[in-house]
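Down below is the structure, laid out as C-alpha cells.
Numbers here simply count residues along the sequence, with the first being 1.
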Amino acid sequence: QLQFVESGGGLVQPGGSLRLSCATSGDNMDYYDIGWFRQAPGKERAGVSCINESGRSTNYADSVKGRFTASRDNALGTVYLQMTSLKPEDTGVYYCAVLSSCGLRWSDYNSPHPNFRSWGQGTQVTVSS
C-alpha cells in the first residue's frame, strides 16, 4: 500500500509561504489520486486539496483556493503543496492520503480511499506572529 512521509512544515508569520512535501513508498504513486488533509487544533482532519494521478487536475477547498497549489513529480514519487499568503487559520498538521477520486466536490477529497490505512506522522504548520 502507498505510504507517505510528510515534511516541510514550520512556524511562519501571517502572509508567509511554505512548501510541503509528501514522499511516497510501498507502491507506484502514478496510479493514484492524492489528497492533502489538514487537522486544525481541536478539529477533525479535513481535506484541503487534491491532485489527480497525472497531475493535470487539481481541486481546492474554498478556504485555500487561490493561495495553495498542489503538484506532483511521479518520477520522484513526491507530492507537493505550495502554500502562500498563509493565515492563522491555516495552522494544523498536514497529511497526504490516497483518494478514490480527485473530484470537483469537496466531499470527493474530504475522505481518503476506503482502503487507505497508512496515515503518516504529518507535518506541523503554525501561522502566527
Side-chain angles (χ1 to χ4, degrees):
Q1 189 177 56
L2 197 64
Q3 297 176 316
F4 298 94
V5 176
E6 299 89 352
S7 63
L11 173 63
V12 62
Q13 292 187 340
S17 299
L18 282 173
R19 189 194 196 202
L20 306 184
S21 300
C22 268
T24 64
S25 64
D27 200 349
N28 187 341
M29 82 167 199
D30 297 21
Y31 305 137
Y32 301 104
D33 292 0
I34 294 172
W36 281 96
F37 292 77
R38 174 172 68 201
Q39 186 161 21
K43 296 187 177 180
E44 292 187 354
R45 189 156 41 199
V48 297
S49 177
C50 66
I51 185 165
N52 78 335
E53 58 187 16
S54 70
R56 295 191 184 96
S57 177
T58 55
N59 291 300
Y60 302 92
D62 289 343
S63 61
V64 306
K65 201 170 293 183
R67 301 187 297 119
F68 289 12
T69 303
S71 61
R72 64 195 289 163
D73 188 329
N74 285 351
L76 293 179
T78 304
V79 184
Y80 304 98
L81 188 67
Q82 178 69 49
M83 306 188 298
T84 62
S85 302
L86 282 162
K87 304 176 181 180
E89 51 264 43
D90 295 319
T91 293
V93 182
Y94 285 71
Y95 302 87
C96 289
V98 173
L99 302 175
S100 297
S101 176
C102 178
L104 290 173
R105 299 170 300 180
W106 180 68
S107 58
D108 291 329
Y109 53 92
N110 189 43
S111 296
H113 190 284
N115 293 336
F116 181 75
R117 298 286 184 270
S118 302
W119 291 101
Q121 83 289 349
T123 187
Q124 174 72 48
V125 171
T126 303
V127 184
S128 175
S129 55

Considering all heavy atoms, the nearest [X]-[Y] contact:
X      : Y      : result
Val98  : Phe4   : N-CE1, 3.9 Å
Val79  : Met29  : CG2-SD, 3.8 Å
Gly8   : Leu18  : O-CD2, 3.8 Å
Ser128 : Pro14  : C-CD, 3.6 Å
Pro41  : Gly92  : CD-CA, 4.4 Å
Gln1   : Phe116 : NE2-CA, 3.5 Å

Working to the nearest 0.5 Å, report the span between [atom1] of [X] and [atom2] of [Y].
X      : Y     : atom1 : atom2 : answer
Arg67  : Ser85 : CZ    : OG    : 7.0 Å
Gln121 : Glu6  : CD    : CD    : 5.0 Å
Asn74  : Asp30 : CG    : CG    : 4.0 Å
Thr24  : Tyr32 : OG1   : OH    : 10.0 Å
Ser17  : Arg19 : OG    : CZ    : 12.0 Å

Heavy-atom side-chain proximity of Val48 to Tyr95 below 4.5 angstrom:
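The answer is no, as the side chains (C-beta and beyond) never meet within the 4.5 Å cut-off.
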Flag side-chain contact, heavy atom, 4.5 Å: Val12 against Asp90
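Val12 does not reach Asp90 side chain to side chain.
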Carboxylate-amine/guanidinium proximity below 4.0 Å for Asp62 and Lys65:
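Looking at Lys65 together with Asp62, the answer is yes, because their closest N to O distance falls below 4.0 Å.
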Do Gln124 and Thr126 get their side chains close enough for a donor-acceptor pair, meaning under 3.5 Å?
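Note: Gln124 and Thr126 side chains meet the donor-acceptor criterion.
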[X] side chain vs [Y] backbone, donor-acceptor pair below 3.5 Å:
X      : Y     : result
Ser49  : Asn59 : yes
Arg72  : Asn52 : yes
Tyr109 : Ile51 : no
Arg56  : Glu53 : no
Asn110 : Ala46 : no

Identified side chain to side chain contact (heavy atoms under 4.5 Å, CB included) counterpart of Arg38 within the set Val93, Val125, Thr91, Val64
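One option only clears the test, and that one is Val64.
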Among Leu81, Val5, Leu20, whose side chain to side chain contact (heavy atoms under 4.5 Å, CB included) with Thr123 holds?
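The residue from Leu81, Val5, Leu20 that satisfies side chain to side chain contact (heavy atoms under 4.5 Å, CB included) with Thr123 turns out to be Leu20.
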Any idea how Phe37 and Trp119 line up, ring-wise: parallel (<30°), tilted (30 to 60°), or perpendicular (>60°)?
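Plane angle over 60°, so perpendicular.
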Same cluster for Tyr94 and Tyr80 if Ile/Leu/Val/Met/Phe/Trp/Tyr side chains link at under 4.5 Å?
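No, Tyr94 does not connect to Tyr80 through the hydrophobic network.
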Are more than 12 heavy atoms, taken from residues, nucleotides or ligands other than Leu104, located less than 6.0 Å from that residue's CG atom?
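12 or below, so no.
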All pairs passing disulfide bond (SG atoms under 2.5 Å apart) where residues 59-129 contributes a residue, at least two apart:
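Those involving residues 59-129 are Cys22-Cys96, Cys50-Cys102.
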